[in-house]
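So the structure is just underneath, and the comments pick up after that.
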There are 2 protein chains.
Amino acid sequence: MKNPSRAVAPRPGALNLGRLGEFVGFRLRRVQNQLSKDFASATADRGLRAGLFSSLSLIAANPGLSQNELSREIGLDKSVTVAIVDELERSGWAVRERSETDRRRHALHATAAGEAYLEELFGILEQTENAVLHQLSPAELLLLSELLDRMYAAALHEDS
Amino acid sequence: MKNPSRAVAPRPGALNLGRLGEFVGFRLRRVQNQLSKDFASATADRGLRAGLFSSLSLIAANPGLSQNELSREIGLDKSVTVAIVDELERSGWAVRERSETDRRRHALHATAAGEAYLEELFGILEQTENAVLHQLSPAELLLLSELLDRMYAAALHEDS
DNA sequence: AATAACAGTTGACTAAATCCACCATATTGG
DNA sequence: CCAATATGGTGGATTTAGTCAACTGTTATT
């Protein structure tokens, strides 16, 4: 096949992607943009600051997490993390506790309210994703996840 | 398999993703973030405004394109497109020409210099991607593109 | 001819992200 | 033990990205 961008027929009236269509990064960005826009508009009512959702989720899954570790995982600057945790605390979804062993660190913990809030958000996310993912068979979905994981692992090794 | 997030063993010291790991959107974002950061740092020397590269590429692939059509395709506001085309023109990579048939429209065209610049950028992008994609077999790569296209098509139908 | 729709432009505004300097605590090496 | 250095966290300044609303000129509708 000469042009992989033709794997799926372009809808009529659509633009020619040119060489851009040969790159996975482009398709990745396209899909991801659309997905995050859908999620954003589905959660527009609650003021959901960028990165807040994934941060809370990571805190819940890793009790005692430090803000630095959190920063690294979500790929944002430390100062942004401060703002995020500030808001998580103000909303009562998480708390900072001074670490006993290292008094520089803030050990982060999700509250019960935070966990409940998370459940709600996960429900919405699941709905948004399903609207797109029902196109894929369970096997394809599993494969997709695996491919993405292998790519991510490779990407991390790159800039070591 | 109970937890698809375990398709690839997590590297030691890595955080527990929790329920977040069940969602493709998360993996998508992760990989995409990393890729675009790599590309950004590889092109840091040339001041490469966001969206400029893909815009130029689309113009080159669709001579006579209007700014509105371009806006829709890259998913940005019309006003952003104006700024992008401004810079493309200032740098001599593209030109605006009044459409003969509809004098409201600006027919966009890439210059020879623009095409040359594109070649350069595509080369860099290819390099950045290869660093990650060499993990995947050609068959897997093709499949990945196809899955992403199906997802994108579905996402577009959603908010019609 | 009046009105509405559309392409493009501008400027104001909001939010996201990076950068840098700084404080408190820990760790290391002499 | 002390000095130097590294680390976790915070605040503020600045840059940048993205959204919105108003306005101009052109075309389409009736």
Side-chain angles (χ1 to χ4, degrees), chain A residues 13 15 29 32-34 36-41 43-44 46-55 58-59 62 64-90 94-109, chain B residues 13 15 29 32-34 36-37 39-41 43-44 46-55 58-59 62 64-90 94-109 159:
Chain A
L15 291 188
R29 189 162 63 89
Q32 205 271 320
N33 261 352
Q34 198 59 45
S36 67
K37 266 184 188 169
D38 288 353
F39 182 70
S41 70
T43 58
R46 6 174 169 286
L48 199 51
R49 190 204 154 84
L52 196 145
F53 172 35
S54 48
S55 295
L58 286 170
I59 294 171
N62 304 273
L65 191 68
S66 84
Q67 298 186 187
N68 230 344
E69 293 165 325
L70 181 55
S71 302
R72 244 176 292 124
E73 187 67 24
I74 57 179
L76 291 177
D77 195 83
K78 298 185 297 179
S79 53
V80 177
T81 313
V82 172
I84 291 177
V85 177
D86 279 351
E87 188 168 335
L88 286 177
E89 237 180 359
R90 195 175 337 116
V95 290
R96 288 182 237 239
E97 285 170 14
R98 278 278 167 210
S99 162
E100 300 288 324
T101 61
D102 183 341
R103 299 221 317 283
R104 290 170 303 180
R105 293 167 53 103
H106 276 160
L108 304 174
H109 294 274
Chain B
L15 291 189
R29 188 163 64 87
Q32 204 270 319
N33 261 353
Q34 198 59 45
S36 67
K37 265 183 190 169
F39 181 70
S41 71
T43 57
R46 352 173 147 30
L48 200 49
R49 190 204 155 84
L52 197 144
F53 172 35
S54 48
S55 295
L58 285 171
I59 294 172
N62 303 273
L65 191 68
S66 84
Q67 296 185 190
N68 229 346
E69 294 165 325
L70 180 56
S71 302
R72 241 175 295 125
E73 187 66 25
I74 58 180
L76 292 177
D77 195 83
K78 299 184 296 177
S79 54
V80 178
T81 313
V82 172
I84 291 177
V85 177
D86 278 351
E87 188 167 336
L88 286 178
E89 237 181 358
R90 196 176 336 115
V95 289
R96 287 184 240 239
E97 286 171 13
R98 277 279 169 208
S99 161
E100 301 287 325
T101 62
D102 183 342
R103 301 222 315 281
R104 290 171 301 184
R105 293 166 55 104
H106 276 159
L108 304 174
H109 294 274
D159 48 33

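Below, each value reflects all heavy atoms present in this structure, side chains not excepted, and no hydrogens, waters or symmetry copies. In what follows, every chain begins at residue 1, and chains take the letters A, B, ... in the order their sequences are listed.
Annotation: of the two residues near DNA chain D, A:R104 and A:D77, the 5′-most nearest-nucleotide partner is A:R104.
Five base pairs at each end of the helix from C:dA1-D:dT30 to C:dA12-D:dT19 define two local axes, and these are offset by 10° (rounded to 10°). The rotation axes computed at either terminus of the helix from C:dT14-D:dA17 to C:dG30-D:dC1 lie 20° apart, taking five pairs at each end and rounding to 10 degrees.
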Take B:R49 and B:V80 through the test side chain to side chain contact (heavy atoms under 4.5 Å, CB included) and record every step on the way to the result.
CA-CA 11 Å; B:R49 190 204 155 84; B:V80 178; 3.9 Å; yes
Might you work through the side chain to side chain contact (heavy atoms under 4.5 Å, CB included) test for A:L48 and A:F39, ending with a clear yes or no?
CA-CA 10 Å; A:L48 199 51; A:F39 182 70; 4.1 Å; yes
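Across every non-hydrogen atom of A:R105 and A:G64, the tightest pair is NH2-O, 3.8 Å.
Proximity note for B:H106 (side chain, C-beta onward) versus C:dG8, D:dG11, C:dT18: the nearest is C:dG8. Comparing D:dG18, C:dA7, C:dT10 against the side chain of B:K78 picks out C:dA7 as the nearest. Side chain of B:R49, nearest nucleotide from C:dT9, D:dG8, D:dA17: D:dA17. Distance from the side chain of B:N68 is smallest to C:dA7 among C:dT25, C:dA7, C:dT9.
Residue A:R96 is classed as a sugar-phosphate contact, given heavy-atom separations below 4.0 Å to backbone atoms only. At the heavy-atom level, A:T81 lies nowhere under 4.0 Å from the strands shown.
Formation of a donor-acceptor pair under 3.5 Å by the B:R98 side chain with backbone atoms of B:R104 is found in this model. Checked by atom type and distance alone, the side chain of B:E97 never pairs as donor or acceptor with a backbone atom of B:H109 at under 3.5 Å.
B:S55 is listed as a side-chain neighbour of B:L70, based on a closest heavy-atom distance under 4.5 Å.
If you take CG of B:L76 and P of C:dG8, they are 15 Å apart, rounded to a whole angstrom. Residue A:Q67 contributes atom CD, which lies 11 Å from atom P of D:dG8 at whole-angstrom precision. To the nearest angstrom, P of D:dT10 lies 13 Å from CZ of A:R90. Per the geometry, CZ belonging to A:R105 stands 12 Å off C1' belonging to D:dG9, to the nearest Å. With rounding to whole Å, A:D86 atom CG is found 7 Å from D:dG11 atom P. Atom pair B:D102:CG and D:dG25:P shows a separation of 16 Å (rounding to whole Å applied). For B:I84 and C:dG8, the CD1 to C1' distance is 14 Å, given to the nearest whole Å. Between the CZ atom of A:R98 and the P atom of D:dT7 there is a distance of 18 Å, given to the nearest Å.
B:S66 and B:N68 share no donor-acceptor pair across their side chains, judged by distance under 3.5 Å alone.
Residue B:Q67 forms a side-chain contact (heavy atoms from CB on, under 4.5 Å) with just one option from B:I59, B:I84, B:L108, and that option is B:L108.
Side-chain nitrogen and oxygen atoms of B:R103 include at least one within less than 4.0 Å of the OP1 or OP2 phosphate oxygen of D:dT26.
Here the straight-line distance linking atom CG of B:L15 with atom CZ of A:R72 works out to 8.5 Å at 0.5 Å rounding. Here B:E69 contributes atom CD and B:L58 contributes atom CG; the two are 11.0 Å apart, rounded to the nearest 0.5 Å.
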